[in-house]
Amino acid sequence: MPELPEVEVIRRDLERDVGGKKIKKVEVPGMRSIRRHPNKKHFIGLLEGRRIKFLDRRGKFLLFHLDDGVILVTHLGMSGQLLRAKQSREKLAKHTHVILTFTQGGQLRFRDPRTFGEMFIIEKGGLAACRELAELGVDPLETPVSWDDFGRMMLVRKTKLKALLMDQKFLAGLGNIYSDEILFAAGLAHDRKSDSLSTQEVRRLYRSLVETIQDAVKYRGSTLEDNGYVDPNGDPGEFQHHHAVYNREGEPCPRCRKPIIRRKLGNRSSFCCEACQV
DNA sequence: CGCGTCGCCTGTGGGC
DNA sequence: TGCCCACAGGCGACGC
């Protein structure tokens, strides 16, 4: 499940790999992944002939900045992948929904079996009017806030910690995996109210947030058994080997050795150590 | 306002 | 061997 660290790894890889390349041809087999556009022609016409200048990330959104102020926005949803093909004749993986072919040769392919992800284009000057980007909260990697600002932000909302960490309008980029890992690292329970934390707990949560995200990027993201996330080269990440709680039900807590607990929270699996997280 | 639940999707794997 | 169903979960919509 691509969250901030995975999208950041993809951004860095692609910045190096497709930055400066010119889009010669765009193929879109189905409408599902470009559902915001009225038709394929509209989407394709905005991309063909334009050059990729640089890549930017906002939370889980990846932004390809093109010539003429045009921006190609990608959200990978649950199962989206951006895959590089050095040669156009490489076999197409099933569920490939968008194919960009470069004048310099090679392709960038958007593959997404569960189709929760999407691609859409913002035309020149339209960035501020894009609501889901405008409403995103602070990106913990792009815009570091001080821990006391972070504490003030938490006081404004009086909500459960896990839901708050995953709220893209509060912090941009965290999902189910990293919110569980951050809460474990901070020793805080998922249902603690955001305005109930002591100064020390706020500081611990803030430090856990920053360190977990940085570590996850360092280890190139988390790839679970379903291989949902791979980098543009098709290679998995390594951070799953460093998870303390996520997907480790029954295994001993790395801190106290009591078994990791799994529970359902709002139709999602949530992992924690009930002894260490209070 | 917070909070829970559902629908959108498809591949995978367990039970029978 | 096949069939059914639970599960994976980001996110918006909806109801209380």
Side-chain angles (χ1 to χ4, degrees), chain A residues 1-8 10 29-36 57-63 73-83 92-98 110-120 130-137 139-140 153-183 189-197 213 216 221-230 234 236-237 239-240 243 245-250 260-272:
Chain A
M1 331 304 105
E3 301 179 31
L4 187 157
E6 290 77 24
V7 180
E8 178 62 17
I10 294 170
M31 277 301 292
R32 170 74 183 158
S33 299
I34 57 159
R35 49 193 174 271
R36 295 194 193 201
R57 183 187 55 72
R58 311 244 179 134
K60 300 174 195 172
F61 290 89
L62 188 60
L63 281 64
V73 183
T74 303
H75 193 294
L76 299 173
M78 274 287 299
S79 56
Q81 301 173 337
L82 286 164
L83 299 168
L92 261 196
K94 207 179 167 188
H95 307 294
T96 298
H97 304 302
V98 178
F110 177 62
R111 172 172 186 261
D112 186 14
R114 280 172 245 182
T115 72
F116 288 156
E118 63 170 330
M119 280 186 156
F120 63 92
C130 179
R131 279 197 48 195
E132 45 270 272
L133 292 177
E135 289 176 358
L136 284 178
D139 186 302
M153 285 162 61
M154 299 226 300
L155 286 176
V156 176
R157 303 280 299 269
K158 304 171 200 315
T159 182
K160 295 180 181 180
L161 280 187
K162 178 159 177 175
L164 186 61
L165 290 179
M166 288 177 62
D167 182 348
Q168 303 300 299
K169 294 180 176 66
F170 178 70
L171 281 176
L174 302 181
N176 204 34
I177 296 175
Y178 292 106
S179 56
D180 277 2
E181 290 298 317
I182 290 164
L183 287 173
H190 70 93
D191 57 352
R192 280 287 297 279
K193 293 295 174 77
S194 58
D195 59 346
S196 77
L197 272 59
I213 296 297
S222 302
T223 301
L224 303 177
E225 299 90 2
D226 64 1
N227 281 329
Y229 164 71
V230 290
F239 192 63
Q240 65 279 8
H243 288 177
V245 290
Y246 192 84
N247 222 11
R248 293 192 184 276
E249 181 185 18
I260 299 298
I261 299 295
R262 172 202 202 115
R263 65 157 70 78
K264 278 276 178 197
L265 292 179
N267 267 342
R268 276 145 197 54
S269 282
S270 200
F271 300 86
C272 71

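Computed over heavy atoms, backbone and side chain alike; hydrogens, waters and symmetry mates excluded. Every chain is numbered from 1 and lettered A, B, ... according to where its sequence line falls, protein lines coming before strand lines.
In this model, no donor atom of one side chain and acceptor atom of the other lie less than 3.5 Å apart for A/Ser194 and A/Arg157. Defined by atom type and a distance below 3.5 Å, a donor-acceptor pair is missing between the side-chain atoms of A/His190 and A/Ser270.
Rounded to the nearest 0.5 angstrom, A/Ile10 CD1 and A/Tyr229 OH are separated by 5.0 Å.
If you take CZ of A/Arg262 and C1' of C/dA6, they are 11 Å apart, rounded to a whole angstrom. As rounded to whole Å, 10 Å separates atom P of C/dG10 from atom CG of A/Asp180. In this structure, CD of A/Glu135 is placed 13 Å from P of C/dC11, rounded to the nearest angstrom. Distance, A/His75 NE2 to C/dC11 C1': 8 Å, rounded to whole Å. Rounded to whole Å, the distance from CG on A/Asp195 to P on B/dC1 is 15 Å. The distance from atom CG of A/Leu265 to atom C1' of C/dA8 is 15 Å, rounded to the nearest whole Å. Summarising the geometry, the separation between CE on A/Met78 and P on C/dC7 is reported as 14 Å, rounded to the nearest angstrom. Atoms CG (A/Leu164) and C1' (B/dG2) sit 12 Å apart, rounded to a whole Å.
When heavy atoms are screened at a 4.0 angstrom cut-off, A/Ser79 is found touching no nucleic acid atom at all. Contacts of A/Lys264 with the nucleic acid, taken as non-hydrogen atoms under 4.0 Å apart, involve only primed sugar atoms and P, OP1 or OP2.
For the pair A/Glu6 (side chain) and A/Gly221 (backbone), a donor-acceptor distance under 3.5 Å is absent.
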5' to 3', nucleotides 4-14 of chain B under a 4.0 Å protein heavy-atom cut-off (B base, S sugar-phosphate only, - none) gives S---BBBS---

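For the pair A/Leu4 and A/Arg57, the minimum side-chain heavy-atom distance is below 4.5 Å. A heavy-atom distance below 4.5 Å is found between the side chains of A/Glu132 and A/Cys130.
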- Task: Might you work through the side chain to side chain contact (heavy atoms under 4.5 Å, CB included) test for A/His97 and A/Ile34, ending with a clear yes or no?
- Result: CA-CA 9 Å; A/His97 304 302; A/Ile34 57 159; over 6 Å; no

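Side-chain nitrogen and oxygen atoms of A/Lys169 include none within less than 4.0 Å of the OP1 or OP2 phosphate oxygen of B/dC1. Remark: A/Gln168 is not in phosphate contact with C/dG10, judged by side-chain N or O atoms under 4.0 Å from OP1 or OP2.
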